[in-house]
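Written out below as structure tokens is the structure these notes cover.
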Amino acid sequence: MNGKVWLVGAGPGDPGLMTVKGLACLRNAQAVVYDRLVNPVLLEEAPPACEFHDVGKEANCHPIPQPQINQILIDCARRGLRVVRLKGGDPFVFGRGSEEAQALREAGIACEVIPGITSAIGGLAAAGIPVTHRDHASSFHVVTGHLRAGNQPQEWHKLAALPGTLVVLMGMAQLREICAALIDGGKPALTPSAVVMHASTPLQQVVSAPLARLADASEAAGFHAPALIVVGKVVSLREVLAFDGPK
Ligand code: SAH
């Protein structure tokens with residue numbers, strides 16, 4: 001009898017931000033296949049006898065190829081195990097969870113998705129940045145800064161024209177180009193902007209600057225992935241909403 005795979009969202013970083021359903025699933029797992037972005041504290045919730053597969057390792061800077069990850073999931077399930085595929089944020093927001101679900105379906109393996117809080121929303125909140133606000137943003141747009149080779153480049157000039165909050169994931173390697181392309185597309189150079197690194201964890205750091213100065217400010221502060229880039233008037237609310245409240 002085949003086992004089953006649960007694609008579980010681990011939330012943005014703070015282990016307390018995983019769902020109740022996801023945690024119950026993790027506590028009942030026989031194999032856990034996890035990514036680099038998953039807080040290691042969460043792995044302690046799995047039964048000690050559980051198998052652990054770290055597929056976030058970058059041996060010689062080459063990430064484990066996706067087909068190999070799919071195969072690990074399929075093999076574990078074919079051995080009859082209850083498999084938790086633990087992914088940062090929400091499993092279907094970038095990070096290729098949907099491709100894993102497709103591969104499992106094609107292999108005839110039962111698969112269930114347990115959503116998580118995406119860093120695109122929860123990570124900003126942890127930095128005191130609300131993704132919407134009636135006076136400042138009535139929409140938000142979440143895009144990736146990193147596209148597969150051969151894909152159409154992101155149409156930054158079109159994104160620049162949207163009045164809502166713009167959130168860029170996986171954009172740190174291109175931060176300078178992204179900011180320049182947005183300004184080139186008509187986004188005002190003074191638009192409040194920020195980079196949030198290691199959001200919702202004790203390592204969280206935020207740098208905030210007008211769009212035209214964001215890349216310089218982020219570079220000067222030594223920021224790097226994983227980080228969220230956010231552009232929009234809501235960033236100015238951070239002054240009021242960022243607080244070190246009870247954890
Ligand atoms: N599925 C995930 C996103 C995977 S893509 C989600 O829903 O959040 C990976 C990117 O997410 C990173 O490059 C970074 O831009 C962002 N990210 C995820 N966790 C983060 C965190 N704790 N702090 C800042 N950025 C984070």
Side-chain angles (χ1 to χ4, degrees), residues 6-19 21-22 33-43 54-58 61 63-64 66 69 73 84-102 113-131 140-148 151 154 156 159 165-179 193-208 214-215 217-218 221-232 235 238 242 247:
W6 283 263
L7 280 175
V8 179
D14 175 348
L17 293 178
M18 188 174 175
T19 65
K21 192 169 180 179
V33 182
Y34 62 97
D35 278 339
R36 210 165 5 135
L37 279 175
V38 166
N39 191 325
V41 169
L42 280 174
L43 301 178
D54 176 0
V55 296
K57 266 199 221 127
E58 295 202 357
C61 281
I64 295 181
Q66 191 63 44
I69 297 176
L73 295 173
V84 164
R85 172 64 173 119
L86 198 54
K87 297 182 77 77
D90 180 273
F92 280 174
V93 177
F94 306 127
R96 308 182 72 172
S98 39
E99 292 169 50
E100 292 174 8
Q102 280 176 310
V113 178
I114 303 182
I117 298 177
T118 178
S119 63
I121 298 174
L124 295 190
I129 302 170
V131 77
F140 59 89
H141 314 278
V142 180
V143 304
T144 171
H146 176 89
L147 291 171
R148 171 155 74 172
N151 278 19
Q154 204 67 268
W156 296 108
L159 293 168
T165 306
L166 183 62
V167 188
V168 186
L169 271 60
M170 294 182 280
M172 288 305 277
Q174 305 285 334
L175 176 61
R176 191 168 292 281
E177 290 79 5
I178 291 169
C179 295
S193 307
V195 177
V196 185
M197 181 166 67
H198 293 299
S200 85
T201 77
L203 299 175
Q204 175 175 301
Q205 283 189 64
V206 185
V207 66
S208 174
L214 188 65
S218 167
F223 276 35
H224 51 77
L228 304 152
I229 303 164
V230 52
V231 179
V235 174
R238 191 177 133 65
K247 287 269 184 288

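Both counts, for ligands and for their atoms, begin at 1 and track the order of listing.
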From [options] - option closest to [atom] by heavy atom:
{"atom": "atom 12 (C) of ligand 1", "options": "Arg36, Met170, Met197", "result": "Met170"}
{"atom": "atom 18 (C) of ligand 1", "options": "Ser119, Gly123, Pro91, Gly145", "result": "Ser119"}
{"atom": "atom 3 (C) of ligand 1", "options": "Asp35, Leu203, Val93, Val38", "result": "Val93"}
{"atom": "atom 6 (C) of ligand 1", "options": "Ile117, Thr118, Thr201, Asn39", "result": "Thr118"}

Sub-4.0 Å atoms of ligand 1 with respect to non-hydrogen atoms of [X]:
{"X": "Pro12", "result": "19 (N), 21 (C), 22 (N)"}
{"X": "Leu169", "result": "3 (C), 11 (O), 15 (O), 16 (C)"}
{"X": "Val196", "result": "24 (C)"}

- Would you please test Met197 and Ser218 for side chain to side chain contact (heavy atoms under 4.5 Å, CB included) and show each step? CA-CA 10 Å; Met197 181 166 67; Ser218 167; over 6 Å; no
Check whether any heavy atom of [X] sits under 4.0 Å from an atom of ligand 1.
{"X": "His198", "answer": "yes"}
{"X": "Pro226", "answer": "yes"}
{"X": "Ala225", "answer": "no"}

- Query: Does NE2 belonging to His141 count more than 12 external heavy atoms closer than 6.0 Å?
  - Reply: yes
For [atom], grab the closest protein heavy atom and report residue, atom and distance to one decimal in Å.
{"atom": "atom 23 (N) of ligand 1", "result": "Ala199 N, 2.8 Å"}
{"atom": "atom 9 (C) of ligand 1", "result": "Leu37 CD1, 3.6 Å"}
{"atom": "atom 2 (C) of ligand 1", "result": "Gly88 O, 3.2 Å"}

- Task: List the steps, then state whether side chain to side chain contact (heavy atoms under 4.5 Å, CB included) holds for Met18 with Val8.
- Result: CA-CA 9 Å; Met18 188 174 175; Val8 179; 3.5 Å; yes
- Pair Asp54 + Arg36, salt bridge at N-O below 4.0 Å: no
- Note on the structure: Here the gap from Leu214 atom CG to Ile229 atom CD1, rounded to the nearest 0.5 Å, amounts to 7.0 Å
- Message: Distance check, rounded to the nearest 0.5 Å: Leu37 atom CG versus His198 atom NE2?
- Response: 9.5 Å
- Task: Check whether any side-chain heavy atom of Pro115 lies under 4.5 Å from a side-chain heavy atom of Thr19, and answer yes or no.
- Result: no
- Item | side chain to side chain contact (heavy atoms under 4.5 Å, CB included) between Leu86 and Leu43, intermediate numbers included | CA-CA 9 Å; Leu86 198 54; Leu43 301 178; 4.2 Å; yes
- Item | Full working for side chain to side chain contact (heavy atoms under 4.5 Å, CB included) between Asp35 and Val55 | CA-CA 6 Å; Asp35 278 339; Val55 296; 3.7 Å; yes
- Would you say Phe94 and ligand 1 have an N/O pair spaced under 3.5 Å apart? no
- Message: Tell me the contacting part of Ala227 for ligand 1: side chain, backbone, both, or neither, using a 4.0 Å heavy-atom threshold, strictly below.
- Response: backbone
- Taking non-hydrogen atoms only, is Met172 closer than 4.0 angstrom to ligand 1 via side chain, backbone, both or neither? neither
- Message: Looking at every heavy atom in both Ile114 and Pro91, which two are closest together, and how far apart are they?
- Response: O-CG, 3.7 Å
